[in-house]
There are 2 protein chains.
Amino acid sequence: MLIKVAIIDDKSSNRNILKDKLLRHGHFTITVMAEDGRDFLEKMKNLDEKQLPDVALMDLEMPNMDGVDAIAAGSSFFPSVKFVVLTIFDDEEKIFKAIKAGAFGYLLKDESAENITDMLWQMHESGVGPLSPGIAHKILQMVQNNELTLVPKAAGANQKLFFDLTEREREILQLLVDGLSYKEIGVRLSISANTAKKHVINIYDKLHVNSRAQALHLAYEKGLL
Amino acid sequence: MLIKVAIIDDKSSNRNILKDKLLRHGHFTITVMAEDGRDFLEKMKNLDEKQLPDVALMDLEMPNMDGVDAIAAGSSFFPSVKFVVLTIFDDEEKIFKAIKAGAFGYLLKDESAENITDMLWQMHESGVGPLSPGIAHKILQMVQNNELTLVPKAAGANQKLFFDLTEREREILQLLVDGLSYKEIGVRLSISANTAKKHVINIYDKLHVNSRAQALHLAYEKGLL
DNA sequence: ATTTTAATAATCCAAAGGGATTATTTGCCT
DNA sequence: AGGCAAATAATCCCTTTGGATTATTAAAAT
């Protein structure tokens with residue numbers, strides 16, 4: 001089974017070199033190539049499930065939309081994709097932001113071709129996010145320097161009592177949360193946009209709201225997702 | 001030049017196996033063996049400079065004085081020594097405490113003999129603290145789960161992690177999250193609905209989305225509120 | 001067997017939302 | 001003093017939503 005990879009880098013030479021490295025390894029296939037974050041998200045939207053990458057190798061500094069923003073948006077809208085930073089930058093600010101945005105790993109470009117492919121392969125085998133040693137070290141130092149500190153996790157009894165939504169309605173609510181329009185919901189579920197709309201209005205009725213935003217608010221606040 | 005190593009572990013079999021592994025590698029010599037933290041500090045006091053270890057491989061759970069306390073005290077009194085945790089424990093609490101105490105690295109005992117000696121050798125060569133991949137992964141997750149958070153280093157420096165929203169825009173995003181329409185936002189902030197709308201569209205621009213639902217999705221997922 | 005519920009779908013209408021553009025004012029930075 | 005970013009506001013245009021209503025079908029409950 002080939003690992004599907006997306007490559008996002010503003011320099012075409014970088015993209016092509018990386019592509020060659022990965023293809024030569026034999027376990028990877030490239031399904032998306034993009035030259036910046038905007039281009040990447042654009043291309044991801046028009047991708048069918050089969051082509052959805054397993055991994056997105058993301059450069060950080062890019063025009064239009066940088067890597068951190070692309071990871072934040074991408075990891076939110078495509079949660080199955082593992083976003084791995086691949087960059088020359090190793091300053092703490094960028095590392096922290098990228099991780100916070102949802103990066104699953106952080107690799108430095110001065111890593112050898114073998115190391116990069118190996119670490120990605122390891123990630124696929126073990127499910128463990130790849131980190132260049134220098135980055136791991138930086139993170140340790142951030143903790144030691146009190147730049148990072150432990151936050152007591154708010155122990156919350158997470159009870160999800162639904163507002164008597166039917167299964168179909170919960171399914172559609174989830175798509176609302178994901179930001180789809182009636183049309184898109186229709187396509188996704190193979191029903192007409194009109195029917196999708198009818199469901200949504202029924203949901204509003206049950207939740208006693210009258211807009212998407214309010215429905216999402218409730219859904220998030222009350223843990224209906 | 002041989003790397004001088006201290007081994008601190010309460011089980012003598014562990015100590016001896018580890019010692020053999022390191023000696024077999026050829027680049028290491030063992031200058032201290034101790035069976036707990038207290039024993040370790042005791043022996044370190046009565047050591048001349050020549051014998052001072054470069055690295056201390058420290059188990060965590062030990063009688064009398066555990067590894068965390070030993071690292072805290074040891075890294076304070078012997079700052080030239082790199083303390084590396086070597087343990088079977090990988091729970092977040094222990095990881096965090098050990099790092100906080102001054103651990104320079106954190107290795108898991110299920111790592112192969114070659115990996116451990118290699119990583120210690122790497123550490124000596126590059127000055128970078130060794131981390132088992134599983135530990136690195138745990139730390140990433142801690143950051144992502146908001147269990148670790150960036151401490152405001154310069155007081156007041158308002159953290160805008162990504163998307164660079166202005167204060168006004170964050171304020172308006174919050175109102176979007178609360179389900180208000182342009183009109184309502186206008187009334188609430190004493191501005192025209194048109195201006196509210198302009199702000200919202202600017203927010204969409206920065207978040208790279210094009211609907212309320214998508215904006216809320218990002219806001220919730222990435223904690224922009 | 002019949003009633004009820006859920007899912008499907010369509011149509012009409014008014015309101016709100018999204019996008020592009022242009023313009024003015026304010027305060028901050030150099 | 002001049003330049004620049006942010007907040008304010010309006011207008012035009014088109015799409016999407018939200019709401020109400022009606023209708024058909026399949027499945028579940030009574």
Review point. What's the CD-P distance between A/Q214 and D/dT17, to the nearest Å?
Key: 16 Å
Check your understanding: Are OP1 or OP2 of D/dT17 and a side-chain N or O of A/Y182 less than 4.0 angstrom apart?
Key -> no
Check your understanding: Rounded to whole angstrom units, what separation is found between the CG atom of B/L165 and the P atom of D/dA6?
Key -> 11 Å
Check your understanding: What is the distance from CD of A/E171 to C1' of C/dT8, rounded to the nearest Å?
Key -> 14 Å
Exercise for review: Calculate the interatomic distance between B/N210 atom CG and D/dT17 atom P; express it in whole Å.
Suggested key: 10 Å
Point to revise | Partners meeting side-chain hydrogen bond (donor to acceptor under 3.5 Å, both in side chains) with B/S211 (sequence neighbours left out) | key: none
Point to revise | Which residues share a salt bridge (charged side-chain N to carboxylate O under 4.0 Å, His left out) with A/D39, sequence neighbours left out | key: A/K43
Point to revise | Pairs satisfying salt bridge (charged side-chain N to carboxylate O under 4.0 Å, His left out), at least one member in residues 177-201 of chain B, at least two apart | key: none
Check your understanding: So, is A/T166 near the phosphate of C/dA7, with a side-chain N or O under 4.0 Å from OP1 or OP2?
Key -> yes
Give the table of side-chain donor-acceptor pairs shorter than 3.5 Å for residues 19-28 of chain A, with sequence neighbours excluded, one pair per line with atom names and distance.
none

Review point. Which salt bridge (charged side-chain N to carboxylate O under 4.0 Å, His left out) pairs, counting each pair once, include a residue from residues 125-138 of chain B, with sequence neighbours left out?
Key: B/D90-B/K138
Point to revise | Of A/D205 and A/K183, the one whose closest DNA chain D nucleotide lies more 5' | key: A/K183
Check your understanding: Under the side-chain hydrogen bond (donor to acceptor under 3.5 Å, both in side chains) test, which residues partner B/K206, sequence neighbours left out?
Key -> B/E169
Check your understanding: Using rotation axes that map the C1' atoms of four end pairs onto the next four (five pairs an end), what angle separates the end axes of the helix from C/dA1-D/dT30 to C/dC28-D/dG3, to 10°?
Key -> 60°
Practice item. Tell me which residues in residues 190-203 of chain B put a heavy atom below 4.0 Å from DNA chain D, sorted by number, or none. Key: B/I191, B/S192, B/N194, B/T195, B/K198, B/H199
Exercise for review: State which residues pass side-chain hydrogen bond (donor to acceptor under 3.5 Å, both in side chains) with B/T117; sequence neighbours excluded, sorted by chain then number.
Suggested key: none
Check your understanding: Quick one: is C/dA16 close enough that its OP1 or OP2 comes under 4.0 Å of any side-chain N or O from B/R212?
Key -> no
Check your understanding: How long is the line joining CD1 of B/I172 and P of C/dG18, in whole Å?
Key -> 14 Å
Please write out the pairs of protein N or O atoms and N or O atoms of nucleotides 26-28 of chain C separated by less than 3.5 Å, giving the distance to one decimal.
none

Study note, to complete from the structure: Contacts of A/S192 meeting side-chain hydrogen bond (donor to acceptor under 3.5 Å, both in side chains) (sequence neighbours excluded), chain-then-number -> A/T195
Point to revise | Expected output: side-chain A/S76 to main-chain B/L218 donor-acceptor under 3.5 Å | key: no
Check your understanding: Should B/Y204 be listed as having a side-chain N or O under 4.0 Å from OP1 or OP2 of C/dG18?
Key -> yes
Point to revise | Value in whole Å for how far the P atom of C/dT8 lies from CD of A/E169 | key: 10 Å
Practice item. Run the salt-bridge test on A/E167 and A/R170 with the 4.0 Å N-O cut-off and return the result as yes or no. Key: no
Revision key, fill the gap. When rounded to whole Å, the CD1 to C1' distance for the pair B/I185 and D/dA7 reads 15 Å
Exercise for review: Keeping the roles fixed (side chain from A/D66, backbone from A/L60), state whether a donor-acceptor pair exists under 3.5 Å.
Suggested key: no
Study note, to complete from the structure: A/L175 atom CG is separated from D/dT17 atom C1', nearest whole Å, by 17 Å
When the side chains of residues 103-110 of chain B are checked against the rest of the protein, which donor-acceptor pairs come out under 3.5 Å, sequence neighbours left out?
from, atom 1, to, atom 2, distance (Å)
B/Y106, OH, B/F89, O, 3.0
B/K109, NZ, B/D9, OD2, 2.8

